[in-house]
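I have placed the structure first, in the form of structure tokens, so that the comments after it can refer back to it.
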Amino acid sequence: QVQLVESGGGLVQPGGSLRLSCAASGTIISLYAMGWYRQAPGKQRELVATKTSLGSTVYADSVKGRFTISRDNAKNTVYLQMNSLKPEDTAVYYCKVTTFGGDYWGQGTQVTVSS
């Protein structure tokens with residue numbers, strides 16, 4: 001199985017920046033895709049960004065131009081650089097990876113954007 005450890009969440013002011021990290025460990029055959037989802041209280045979980053092992057990238061329209069996803073395949077780690085943060089970005093952010101055996105989710109890390 002695959003275990004995911006997320007870090008980097010916290011409290012920031014509007015306009016600030018955070019960088020999230022998600023490191024995968026365990027029995028890893030192949031990580032086809034690594035990405036980030038988020039969920040605010042009372043809302044549906046939504047895609048933020050995802051990146052395949054070949055470099056294809058998808059961003060939610062709401063974060064384009066502000067967030068950047070990157071992968072370090074040697075470290076089995078995916079990052080999310082979040083700039084120009086808005087209060088609407090407040091949510092629990094979840095790492096998700098897709099492997100031969102299916103999908104795996106991290107525990108989530110809280111991001112709060114508030115003055």
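Scope of the values below: all heavy atoms of this structure, side chains included, with no hydrogens, waters or symmetry mates. Note that this is a predicted model, so its numbers are computed, not measured.
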Intermediate values then yes/no, side-chain contact (heavy atoms from CB on, under 4.5 Å), Thr109 and Leu20: CA-CA 9 Å; Thr109 184; Leu20 306 183; 4.1 Å; yes

Apply side-chain contact (heavy atoms from CB on, under 4.5 Å) to residues Val97 and Asp103 and explain how you reach the verdict. CA-CA 6 Å; Val97 304; Asp103 296 338; over 6 Å; no

One pair to check against side-chain hydrogen bond (donor to acceptor under 3.5 Å, both in side chains): Ser17 and Asn83. What are the steps and the verdict? CA-CA 4 Å; Ser17 297; Asn83 298 325; 2.9 Å; yes

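Side chains of Tyr93 and Arg38: a donor on one and an acceptor on the other come within 3.5 Å.
Counting only distance, with no hydrogens or angles, the side chain of Ser7 and the backbone of Val5 share no donor-acceptor pair below 3.5 Å. In this structure, the side chain of Tyr59 does not engage the main chain of Gly65 through any donor-acceptor pair within 3.5 Å. With hydrogens and angles disregarded, a donor-acceptor distance shorter than 3.5 Å links the side chain of Glu6 to the backbone of Gly108.
Residues Val78 and Leu4 share a hydrophobic cluster, clusters being chains of Ile/Leu/Val/Met/Phe/Trp/Tyr side chains in contact below 4.5 Å. Hydrophobic clustering of Ile, Leu, Val, Met, Phe, Trp and Tyr side chains at less than 4.5 Å, counting indirect connections, unites Val48 with Val111.
Heavy atoms from other residues, nucleotides or ligands lying under 6.0 Å from CD of Glu46 number more than 12. Heavy atoms of other residues, nucleotides or ligands lying less than 6.0 angstrom from CD of Glu88 number more than 12.
If you take CG on Asn76 and OG on Ser25, they are separated by 8.5 Å, rounding to the nearest 0.5 Å. Between the CH2 atom of Trp105 and the OH atom of Tyr94 there is a distance of 9.0 Å, given to the nearest 0.5 Å. One finds the NZ atom of Lys51 at 11.5 Å from the CG atom of Leu80 (value rounded to the nearest 0.5 Å). With values rounded to the nearest 0.5 angstrom, Arg45 atom CZ is found 9.5 Å from Lys96 atom NZ. Expressed to the nearest 0.5 Å, how far OG1 of Thr112 lies from CG of Leu11 amounts to 6.0 Å.
Shown here for Ala40 and Thr90, the closest heavy-atom pair between the two residues is CB-O, 3.8 Å. Shortest non-hydrogen contact noted between Tyr32 and Phe100 is CE1-N, 3.2 Å. The heavy-atom pair separating Met34 from Ala24 by the smallest distance is CE-CB, 4.5 Å. Closest non-hydrogen pair, Pro14 versus Ser115, comes out as CD-N, 3.7 Å. Counting all heavy atoms, side chain and backbone alike, Ser53 lies closest to Asn73 at O-ND2, 4.2 Å. Annotation for Thr50 and Ala33: closest pair OG1-CB, 4.1 Å, computed over non-hydrogen atoms.
Two rings, from Phe67 and Trp36, have their centers 6.0 Å or more apart.
Sequence neighbours left out, the pairs with a member in residues 38-110 that pass disulfide bond (SG atoms under 2.5 Å apart) are Cys22-Cys95. A disulfide bond (SG atoms under 2.5 Å apart) check over residues 43-89, counting only residues at least two apart or in different chains, returns nothing.
Of the candidates Val63, Val12, Leu18, Leu18 is the only one forming a side chain to side chain contact (heavy atoms under 4.5 Å, CB included) with Met82.
Under a cutoff of 6.0 Å and an axis angle of 45°, Arg71 and Tyr79 do not form a cation-pi pair.
Under the 4.0 Å criterion applied to side-chain N and carboxylate O atoms, Lys86 and Asp89 are not assigned as salt-bridge partners.
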